[in-house]
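Residue numbers begin at 1 in each chain, while the letters A, B, ... track the order of the sequences. Every heavy atom of this structure was used, including side-chain atoms; hydrogens, water molecules and symmetry mates were not. The shown structure was predicted, so the numbers you read here are calculated from the model rather than taken from an experiment.
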Amino acid sequence: MPLRPFAALLSGLALTSLAGCASLSSSNAAPPPAEYGQQALAQAEDCCASLAALPFQTLDAERTQPLRLNTNAPVHRFEDGKSFFQAFALPRDAGPLSFELTSTIVDGQVFAPTVLVLNEDFQPTQRIASDKFRYQGPSGFAPARLTATFNITPGPEAAYLVVYSNETARQGTTQYESAEKVYARVRGLALPPGPDPVAQHTATGSVTLATEPHDAGGGLLTPILGDRATTPTPEPRIRATRDTSSTDVMPAGSSDFDYRRMIDAALKAGDIELAMQLAERAEREGQHGIRAWLAERLRAVSP
Amino acid sequence: MRDSRQFTRRPLLAALIGASCVMPALAHADINPNFFGYARSGIGSTAGGGSQTCFKAAGAPAKYRLGNECETYAELGLGANLFDQRGTSFDFASRVAYVTAQDNDAESLQDPDNDIALREMYVTGTNAIGGLPDGSTLWAGKRFYKRHDIHMNDFYYWDVSGPGVGISDIDMGVGNLSLAWVRSSGSDSENFPDGGQRLSDDTVDMRLTDIATNPGGSLQLGVDYGRASLPEWQEDFYDDNGIDYEEGDKGWMGTIEHTQSNWFGGSNTVALQYATDGIITSNGNAVGRPAGGLVSQDGDMWRVLDHGHVWLVQDKLDMLYTAIYEDKNMDDNTGRKWFSAGIRPVYYWNDIMSTAVELGYDRIEPQSNVSSYNGEDHHVTKLTIAQQWSAGRGAMIRPTIRLFATYAKWNGDAYEERGVANSLDTGAGPNNVDFNDTDGLTFGAQMEVWWGS
């Protein structure tokens, strides 16, 4: 049978590949366990005497970047504890920016981020605490993760952004759905017994920061709360949207969007502020004359 | 203050957008559809020519699947949470399954070997019945019901899926109680003059799950009682033809299963099952529901199995493993003993690429009256090596695209003659090894994916 040499070759291949694994695995270490990161953090020296001295990187307004929050990241003792961090200088003239910070659960570990916004004098003006990050189960092809979306209009009050984790957050845990459970759920199998696994909040982790100009809009699913932050306000507001899967959505960036109809509806509901914001937005998108049209409408409505 | 005002206005905006018809789908914006499913498809060949042969021991209910699946199979599901208030929720789910022989571009689902099947269409009402403990779920409709399978050989050992009704997951303190009435109609083509004259086979399924036993361990106990529910005209028919239906139409199956989590980074499941008469078939797989036909179904079956997933080197090397012993002892000697064992170690080169090896062995010892395949003891050993690219590390991470080569060896002729099983099952895919071959080699590529939110 001519296939026999093939078979021998195949078994040989299989065996060597397995043997290879055994030898490789010792030299090629797995990701560090939680304690390793914690130890590295405890031993690391504070990089900087003050927030002003943090190593700020420039932030590209239109990209998704992994934040290297590993044991090689800089360390600073923040007000609420020592942490590995990454710090960015926000692009001054970029206009309103939308951010999505995602921390992936890997091997039962997750980095529970806090986002700190500093003004141009390096004083904290806003904070998104780790409890504002929502757990999102694996969906589609995305793994289980913690995410928050927020909007910042860079300016004197929002000049820098720091991602770190505090000691309180590292005491916490996040329960998540295992790969086995996802498989069982989507195949209609009996769910594996026992509680969902729990991810430890660790000193290091796999975090990505996605940034885009707010007007890019993120398609039809831009949370309306975020949209409101684009209007010029005396101070930049920043918040984690509590529920990104919420039904409250607003089309963005669509030039043929029927703003007049929206504004009418907002006026009917007595929401003049929303109407004005819609008008501003329409003007920005080149639908000139809407502001004047709204003024007319308001005159008509007012007693 | 400002924030809370904004919050109260948010529903307004959703309604407003809906009303503006810019995006009609948002008119019912509180329905968020779930899209979930499973699919596998690929291409393969048999060394020596012809499309991929898949190697399955004749008489065995399963085969080791890595690099050994010859069809395109998919399940596409749609569902939605329709109501969620004050702790009570209603969810809808549906699922359609597709299978094709993976021969062509356009494959009609009506052709032989191809199929489209409505598998699920049901609603669950969690905490719908007042007075029951939190989490109790009322459900009705056809569904996959708490199926128990072994992934690496696609073997279902407890599966009473079908149209039904039940209350599941009633927290009893010691464990969760689930009760269900499900249907799997069969036909007695041997006796009925018309194959369309269906037998309503009913199963009552009772199971107590999540019984905490040891740290990380939990036990579940289940009993399935099945019988054909005969209308008078069917009973008269059997009486007139002198067929004893009392013995053959009933059966029960008991299951004890223990699952250990925190088991070398994975889990281990061991199950013991016993089944009688009408709930088993001589050729098919006993899963806890009546088998379909009425006569010649006397006997019993023992099955013990162990399967699991372990990490041998964290994040570098994991392994699926399986061992099954089943003794199906039919009074008419058409049963068989089945022993099966397999391992699938996977080495992860990085987050995406891995190398998988699957070694599987199936041995069949037929009873004396087996005629549809090799009546002698026979066995199939298969070995597959696959290079895989996946969305992460771990045996249950998908999607995966794999290139594979599979070698299989067996004793006895592959087929009695072309298309008639001997040591190899003919139904597992194309039969492109020679009928008197005792080994075969195949190679190809396959994708596998499942998803769902």
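Distance check: A:Arg187 CZ to B:Trp450 CH2 gives 8.0 Å after rounding to the nearest 0.5 Å. Here the CG-NE2 distance, from A:Leu189 to B:His148, works out to 8.5 Å after rounding to the nearest 0.5 Å. The line from CZ of B:Phe36 to CZ of A:Arg185 is 9.5 Å long, rounded to the nearest 0.5 Å.
In this structure, the portion of B:Tyr156 lying under 4.5 Å from any heavy atom of chain A is its side chain and not its backbone.
With chain A as partner, the option from B:Leu219, B:Leu359, B:Asp149 having the largest number of non-hydrogen pairs under 4.5 angstrom is B:Asp149. Contacts with chain A were tallied for B:Met396, B:Arg147, B:Arg119; B:Arg147 has the most, counting heavy-atom pairs under 4.5 Å.
In this structure, B:His151 and A:Tyr183 have perpendicular ring planes: the angle between them is above 60°, well past the 30° mark.
In terms of heavy atoms, B:Gly37 sits closest to A:Val186 at O-CG2, 4.2 Å.
Evaluation of the side-chain hydrogen bond (donor to acceptor under 3.5 Å, both in side chains) rule for B:Glu120 yields B:Arg95 as partners, not counting sequence neighbours. Partners of B:Thr269 by side-chain hydrogen bond (donor to acceptor under 3.5 Å, both in side chains), not counting sequence neighbours, listed by chain and number: B:Thr259.
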